[in-house]
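In what follows, every chain begins at residue 1, and chains take the letters A, B, ... in the order their sequences are listed. When reading the values below, keep in mind they use all heavy atoms of this one structure, side chains included, and skip hydrogens, waters and symmetry mates.
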Number of protein chains: 2
Amino acid sequence: MQLNQATDYSFRVILHLTLKDTIVSAKELAEQEQVPMRFLLKILGSLVKAGILKSYRGQEGGYALAKDPKDITLLDVIEAMEGPIAINRCLTHQDYCSKRWTKVCPVHNVLGNIQKELVDDLSKHNFQDLINSYRSCQNE
Amino acid sequence: MQLNQATDYSFRVILHLTLKDTIVSAKELAEQEQVPMRFLLKILGSLVKAGILKSYRGQEGGYALAKDPKDITLLDVIEAMEGPIAINRCLTHQDYCSKRWTKVCPVHNVLGNIQKELVDDLSKHNFQDLINSYRSCQNE
DNA sequence: AACTAACTATACCATTTGAGTATAAATTGG
DNA sequence: CCAATTTATACTCAAATGGTATAGTTAGTT
């Protein structure tokens, strides 16, 4: 019931890129966000594949957001790093449901609703909003 | 971002005990809820230690709820099996927060709120309600 | 065209966690 | 005392997590 270390690192990276709003090298990201270089590269690869970041090769290359930060939600990042959210196996895999979805299971139903709310919450927050609240906080 | 198998088994066990409302042997629970016997015993031990179940030794022994099903919530069971919920490490362990909680981190704050809602949802559902909705469902 | 700073892909490894097993001991009712 | 049951501890095996290593490919600069 916990997000990966890699997912947490992803949050930091995307915040960093949102603030800078330019191409940033993996080296700078690794140093400033305190992520092991090699591990970071792997994470960046996943984010590129998911269409959240774009990579630029060669000298002066690096990474930048692939789209407007307003269109990147917490849910997007989590699913890019960990696949679809499923708070209980029974919600996605019949094999793990003792009732095989044949009879109504009260826990199954309630967990399904709770998960829906969680996913909803996560998709409501995009990185533009996060940065805005960050800035207004710093100005106080 | 997923509950343990053991937690899911716990749900089944508690539903079973709520429906029966008597002492039930580990053997019956294992067979009817399709949980490996030895593994079930370990789980039952945790639930007893957490004060959710009571155990009865000797012949005709077994397990029963330690309190009214109205006072057992989904959250209680999850925390008994997995410890306190923390959707991100940074929420509980400073070491995992790149900002060491010194500056305000926008992700930290939002995740904290989302977690609070999740915990709230989970604690709102108790097993009496679950059973009631189950029964009304079956009568249709 | 060569050089070099960057990204890319694949494979590898160590540690932790998850899921389940095994053994033996303690308890209770009859 | 016996048998059915719970309790405690320790073990095993596989998968996931977190991170490394190697060997490339790309593209701007000279």
Does anything in residues 55-67 of chain A reach DNA chain D, meaning a heavy atom under 4.0 Å, and if so which residues? A/Arg57, A/Gly58, A/Gln59
Test your reading of the model: is there a side-chain donor-acceptor pair from A/Ser123 to the backbone of A/Val119, 3.5 Å cut-off? yes
Pick one: which of A/Asn126, A/Leu130, A/Ile52 meets side chain to side chain contact (heavy atoms under 4.5 Å, CB included) with A/Ile72? A/Ile52
What I'd like to find out is whether the side chain of A/Leu15 reaches to under 4.5 Å of the side chain of A/Phe127, using heavy atoms alone. yes
Strand contacts (DNA chain C) in residues 15-31 of chain A, 4.0 angstrom heavy-atom criterion: A/Ser25, A/Ala26
Could you check which of C/dT21, D/dT20, C/dG20 has an atom nearest any side-chain atom of B/Lys42? C/dG20
Side chains of B/Thr7 and B/Glu82, donor plus acceptor under 3.5 Å: yes
What integer distance in Å separates B/Leu44:CG from D/dT9:C1'? 17 Å
In sequence, state the C-alpha distance, the side-chain angles, and the governing distance for A/Leu122 and A/Ile85, and then conclude on side-chain contact (heavy atoms from CB on, under 4.5 Å). CA-CA 11 Å; A/Leu122 289 171; A/Ile85 287 184; 3.5 Å; yes
Does a nitrogen or oxygen in the side chain of A/Asn4 sit under 4.0 Å from OP1 or OP2 of D/dG18? yes
N or O in side chain of A/Arg89 less than 4.0 angstrom from C/dA19 OP1/OP2: yes
Tell me the interatomic distance from B/Gln34, atom CD, to C/dA19, atom C1', rounded to whole angstroms. 17 Å
Quick one: do A/Asp8 and A/Arg12 make a salt bridge, cutoff under 4.0 Å? yes
